[in-house]
Amino acid sequence: MIRIIDLLLLFLVSPILMILFLTTAIMVRIKIGTPIFFGQDRGGLGETTFRIWKFRSMTNERDTNGDLLPDELRLTTFGKVLRRFRLDELPSFWHVITGDLALVGPRPLLWKAIDSHPLGRRRLSGKPGFTGLSQISGNTLLSEAEKFAVDCYYLEKRTTMLDLMILFNTIQVLFLGEKRDETLIRQAKLLYSEYFPEVVENP
């Protein structure tokens with residue numbers, strides 16, 4: 001989706017986003033404390049690095065040695081709600097305005113994750129997005145390799161109409177939950193069959 005459309009859509013929904021942003025910020029301050037934001041470096045377009053910001057969904061609880069407790073122990077019930085409805089990612093809309101993110105594209109990943117698969121760097125041929133094809137095709141129900149394949153498949157097939165479909169389906173997923181799109185996942189695997197020999201062996 002071209003940048004002008006991204007900015008136009010953001011402008012149209014900005015009143016709703018502002019209400020959600022302020023409400024979430026206040027609730028994070030009450031439920032989790034300060035700071036309310038969490039920043040992390042991610043890989044961007046053309047193998048650049050940018051710092052993405054989110055609302056905190058975990059506490060800073062530490063053990064007796066002063067080390068942070070495991071993520072699952074620091075993720076609160078409120079934090080799970082933030083993640084379930086992706087409210088923790090509201091600050092990411094700022095990155096759409098600055099140009100680090102598009103509304104639709106492969107999810108921005110840590111460099112460690114990018115370099116964990118041969119398709120990782122290929123994902124960086126397109127601008128990362130707030131939402132993407134892998135998120136509406138199963139997201140957490142996909143293996144990491146499947147996510148890479150689906151994201152690269154998107155970069156091969158992307159059109160404005162596909163972007164609009166992804167945005168619409170993102171809203172559906174928020175309320176109806178995640179479900180694997182087996183047909184699309186198979187198409188993506190076939191496109192990158194060198195990494196998924198099982199789809200060739202079992203047509």
Side chain to side chain donor-acceptor pair (under 3.5 Å) between Ser134 and Asp151, worked out:
CA-CA 6 Å; Ser134 63; Asp151 282 334; 3.1 Å; yes
State plainly whether the residues [X] and [Y] are in salt-bridge range, i.e. N to O under 4.0 Å.
X: Asp71; Y: Arg74; answer: yes
X: Arg51; Y: Asp100; answer: no
X: Asp67; Y: Arg62; answer: no

Are Arg86 and Phe130 in a cation-pi setup, meaning NZ or CZ lies under 6.0 angstrom from the ring centre and within 45 degrees of the ring axis?
yes
Are any non-hydrogen side-chain atoms of [X] and [Y] less than 4.5 angstrom apart?
X: Arg186; Y: Leu190; result: yes
X: Gln40; Y: Trp53; result: no
X: Ile32; Y: Ile36; result: no
X: Ile26; Y: Val28; result: no
X: Ile52; Y: Ser92; result: yes
X: Arg123; Y: Tyr154; result: no
X: Ile136; Y: Met165; result: yes
X: Ile97; Y: Asp6; result: no

Arg42 side chain to Pro108 backbone, donor-acceptor under 3.5 Å:
yes
Is the backbone of Thr34 close enough, under 3.5 Å, to the side chain of Arg56 for a donor and an acceptor to pair up by distance?
yes
Verify whether the ring centers belonging to Phe55 and Phe38 lie closer than 6.0 Å.
no
Residues pairing under salt bridge (charged side-chain N to carboxylate O under 4.0 Å, His left out) where one sits in residues 128-147, two or more places apart or in two chains, turn out to be Glu144-Lys147, Glu146-Arg180, Glu146-Lys189
